[in-house]
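In the text below, chain A, chain B and the rest are named by the order of the sequence lines, each starting its count at 1.
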Amino acid sequence: MSVTRAEKPKKTGRNPVDYATAAINADLTKEQKLGFLADMLRIRRFEQASLKLYQQGKMGGFLHLYIGQESVAVGTLALMGENDHAITAYRDHGHALVVGMSMNECMAELLGKATGCSKGKGGSMHFFAPDKNFWGGHGIVAGQTPLGLGIAYALKYQGLKGCCLTYLGDGAVNQGVYHESLNLASLWDIPVVYIIENNQYSMGTSLARSSASKSCLAERAEGYNIDWDIVNGEDLYEVRAKTWDAIERAHEKCRPTVLEIDTYRYYGHSVADANAKKYRKPEEIEFYKQNHDPITLWENRLKEEGILDDAGLKKIDEAAKKEAAAAVQFAEDSPFPEVEDIFSDIYYEVDMGTESGQTGRHFFND
Amino acid sequence: MPVITYRQALNDALAEELERDENVVVMGEEVAEYNGAYKITDGLWKRFGGKRVIDTPISEAGFIGLGVGAAMMGMRPVMELMFWSFAYVAYDQIINNAGCVRYMSGGLINCPLVIRGPANGGTNVGATHSHTPENFLANTPGLKVVSPATPYDAKGLMKSAIRDNDPVCVMENTLLYGDQGEVPEGEYLIPIGVADVKREGTDVSLIAHGRAVLTALAAAHRLHEEFNISAEVVDLRSIRPLDEETVLASVRKTHRAVLVDENKPFCGVSAQIASMIQERAFDDLDAPVQRVCSLDAPAIYSPPLEALQLPTADRIIQKVLAIS
């Protein structure tokens with residue numbers, strides 16, 4: 001079932017295979033399809049609002065924007081069932097919003113506020129919502145790849161029919177721990193789905209300059225006897241159809257999959273990097289925006305299907321903008337954590353005041 | 001009271017916790033069908049089966065990371081490192097993931113993981129297999145680190161580590177695995193963060209952890225026999241959390257302290273203890289705090305020399321005599 005990049009449909013016009021008719025897409029309601037659009041727009045408006053805050057100097061550290069890649073998070077995560085879980089790297093805002101984290105808690109986290117999803121302790125790269133089966137938000141490239149494996153291992157151990165969607169970037173495929181994870185996933189029949197979001201650049205180094213391969217990155221799975229596929233990330237229907245195949249493989253056969261989803265980010269690795277000034281040309285970014293923007297393509301698709309018009313689009317977009325603006329207000333109005341908060345959320349036993357948390361000294365300041 | 005080995009005490013602790021809680025699994029290289037490279041897991045695979053006791057490939061980063069992920073989901077994996085020296089290839093998983101995930105998530109996640117294995121020199125396996133990283137690990141808020149010196153402590157601390165809801169690193173010692181000691185038949189736990197006075201004394205406090213406790217006890221015996229000096233031996237048992245009060249009470253009684261540490265001296269565990277004593281018991285001291293650590297070089301292979309590189313009773317006695 002795997003195809004090589006050479007066989008892959010070119011990024012012009014409609015795919016020869018129309019994944020709209022795939023089983024997982026055929027029964028989608030109008031509301032669901034519009035919901036995908038709304039989620040993609042929510043991610044984009046959230047991040048555009050966050051960029052303004054960053055540029056105003058209200059945020060510390062890094063800001064890794066997902067803009068341009070929205071169809072990947074929306075297309076894949078919307079397929080999660082009750083026992084399906086997800087974990088990703090540091091470009092995590094989109095995933096967080098799709099699994100149901102609120103813009104308020106996410107924006108407040110960006111500003112380091114006590115009302116943030118991690119109480120201002122994690123920042124942009126570390127959003128978590130275990131109650132929504134979302135396990136972060138991880139800062140070290142590929143560091144999350146064995147965690148996703150462990151989550152899926154636990155599901156299998158507990159006898160649950162589920163999987164863990166484990167996201168990584170195209171730069172992460174060259175880290176050793178990812179390969180160790182692939183070996184274990186195949187060896188032990190673990191229901192993990194590795195999703196390589198290939199945005200073509202590992203920080204400022206292009207795919208061609210960072211990864212050796214015959215045809216694509218997912219193909220490396222072949223060496224571990226793992227099923228793999230490449231996916232045109234700008235087509236939401238294709239993302240859903242191929243991800244669903246992988247989820248079903250995990251659910252029914254307890255076997256892993258590696259998916260490589262082609263996508264593109266418009267901003268730098270983080271917004272602090274040189275982006276168009278050094279490692280790619282502005283014309284390239286503009287070309288993708290004009291021809292391959294996943295939101296525009298989905299809008300056009302829905303208009304063709306007769307379920308969206310300009311007025312409807314405007315309404316959805318206005319709602320996303322309004323929600324993002326309210327989140328900015330919420331974040332700005334929220335308090336910072338207190339100094340004493342530095343010492344909580346380190347040890348469970350200390351936080352809970354258990355007997356174990358009270359024997360011996362845990363922290364070593366005066 | 002039955003007398004068993006340190007190895008058997010660990011084995012009993014693992015077996016009892018596997019029996020008690022189905023969320024406990026034991027994983028590592030050669031732990032199952034081979035019965036453990038050092039036979040700590042002897043018989044567990046046969047008794048509990050391949051779902052609970054699992055051989056891993058040689059992939060420390062991969063399987064420790066898997067353990068962290070499983071622990072986040074509520075399991076209680078006990079991960080064996082054949083040597084703690086091998087933790088260095090899994091450092092990101094131990095420090096960034098096990099150690100930081102609770103903080104990064106604002107307390108939404110906890111990680112009830114145990115990582116265990118030997119962390120010692122003295123077996124002529126060269127520097128790469130002889131590391132004692134308890135100081136590195138204890139430098140990470142979020143991790144707990146224990147270092148049992150006796151069979152009794154090994155069992156009680158291992159059981160507490162498995163039941164603890166935070167990640168605990170258990171630093172064992174291949175040179176202790178065959179040591180025998182009294183271990184009660186019934187269940188008991190030793191709380192993490194409680195030191196133990198292994199020998200009472202009045203003239204000097206020898207403060208140590210792990211196998212260095214036994215070296216200190218040997219030195220204390222000779223100090224008494226040969227020099228009529230009464231040395232107290234304090235076993236930290238737990239590095240983090242640290243039982244400062246037991247250490248301070250001893251120093252306030254004896255007014256002298258010699259710290260014995262198989263760590264290297266620079267930023268080693270004993271450096272922290274020395275700092276704590278001078279901050280909190282300065283007026284009780286009649287002499288500067290002394291340290292006896294491993295000699296500050298990579299672990300040498302040559303067997304007679306490696307024996308001298310580790311703290312010896314002779315070196316401890318010299319330090320004690322110098323301040324007595």
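- Contacts of A:Y178 with chain B are absent, with no heavy-atom separation under 4.5 Å from either backbone or side chain.
- With chain B as partner, the option from A:G357, A:S356, A:S181 having the largest number of non-hydrogen pairs under 4.5 angstrom is A:S356.
- Contacts between B:T56 and chain A at a heavy-atom distance below 4.5 Å involve backbone atoms as well as side-chain atoms.
- For A:M125, no part lies near chain B; criterion is any non-hydrogen pair under 4.5 Å.
- Counting only N and O atoms by type, the side chains of A:S186 and A:R255 include a donor and acceptor under 3.5 Å apart.
- Only the side chain of A:Q158 comes within less than 4.5 Å of a heavy atom in chain B; its backbone stays farther off.
- Only the backbone of B:L143 has a heavy atom closer than 4.5 Å to any heavy atom of chain A.
- Per-residue heavy-atom pair counts under 4.5 Å with chain A were compared for B:A70, B:A71, B:P112, and the maximum is reached by B:A70.
- The part of A:L184 that comes within reach of chain B is its side chain, from C-beta onward, which places non-hydrogen atoms under 4.5 angstrom from that chain.
- Contact of B:S238 with chain A is not made at all, since no heavy-atom distance falls under 4.5 Å.
- Ranked by heavy-atom pairs shorter than 4.5 Å toward chain B, the options A:K119, A:Q144, A:H138, A:E109 are led by A:K119.
- Judged by distance alone, with hydrogens and angles left aside, the side-chain atoms of B:D196 form no donor-acceptor pair with the main-chain N or O of B:K198 at under 3.5 Å.
- Between A:D351 and B:R102 a salt bridge is recorded (basic side-chain N to carboxylate O distance below 4.0 Å).
- Annotation: maximal heavy-atom pairing with chain B below 4.5 Å, among A:V350, A:I140, A:L182, occurs at A:I140.
- Listed options A:N183, A:I342, A:D341 were ranked by heavy-atom pairs under 4.5 angstrom with chain B; first place goes to A:I342.
- In this structure, A:H126 has its ring center at least 6.0 angstrom away from the ring center of A:Y90.
- Using a 4.5 Å cut-off between heavy atoms, B:N96 contacts chain A through its side chain alone, with no backbone atom that close.
- Between the side chains of B:Y34 and B:E29, not a single donor N or O lies within less than 3.5 Å of an accepting N or O.
- Looking at B:L242, the atoms closer than 4.5 Å to chain A (heavy atoms on both sides) sit in the backbone and in the side chain alike.
- Chain A forms more heavy-atom pairs under 4.5 Å with one residue of B:T246, B:N23, B:I192 than with any other, namely B:I192.
- Using a 4.0 Å cut-off between charged nitrogen and carboxylate oxygen, B:D21 and B:R76 count as a salt-bridge pair.
- Aromatic ring centres of A:F363 and A:Y347: separated by under 6.0 Å.
- Note on A:E332 versus A:K58: salt bridge recorded, some NZ/NE/NH1/NH2 to OD/OE distance being below 4.0 Å.
- Between chain A and the options B:D243, B:V89, B:D92, heavy-atom pairs under 4.5 Å are most frequent for B:D92.
- Of the two parts of B:V25, only the side chain, counted from C-beta on, holds a non-hydrogen atom closer than 4.5 Å to a non-hydrogen atom of chain A.
- Within the 4.5 angstrom heavy-atom criterion, atoms from both the backbone and the side chain of B:N165 approach chain A.
- Heavy-atom distances place the backbone of B:E60, and not its side chain, under 4.5 Å from chain A.
- Salt bridge B:R163/B:E187: present, at least one basic N to carboxylate O contact under 4.0 Å.
- Taking a cutoff of 4.0 Å between a charged side-chain nitrogen and a carboxylate oxygen, B:K51 and B:E22 do not qualify as a salt bridge.
- A:Y167 has its ring centre no less than 6.0 Å from the ring centre of A:Y194.
- Across B:Q272, B:R280, B:Q93, the residue that shares the most heavy-atom pairs under 4.5 angstrom with chain A is B:Q93.
- Salt bridge annotation for B:D153-B:K155: absent, with no cationic side-chain nitrogen under 4.0 angstrom from a carboxylate oxygen.
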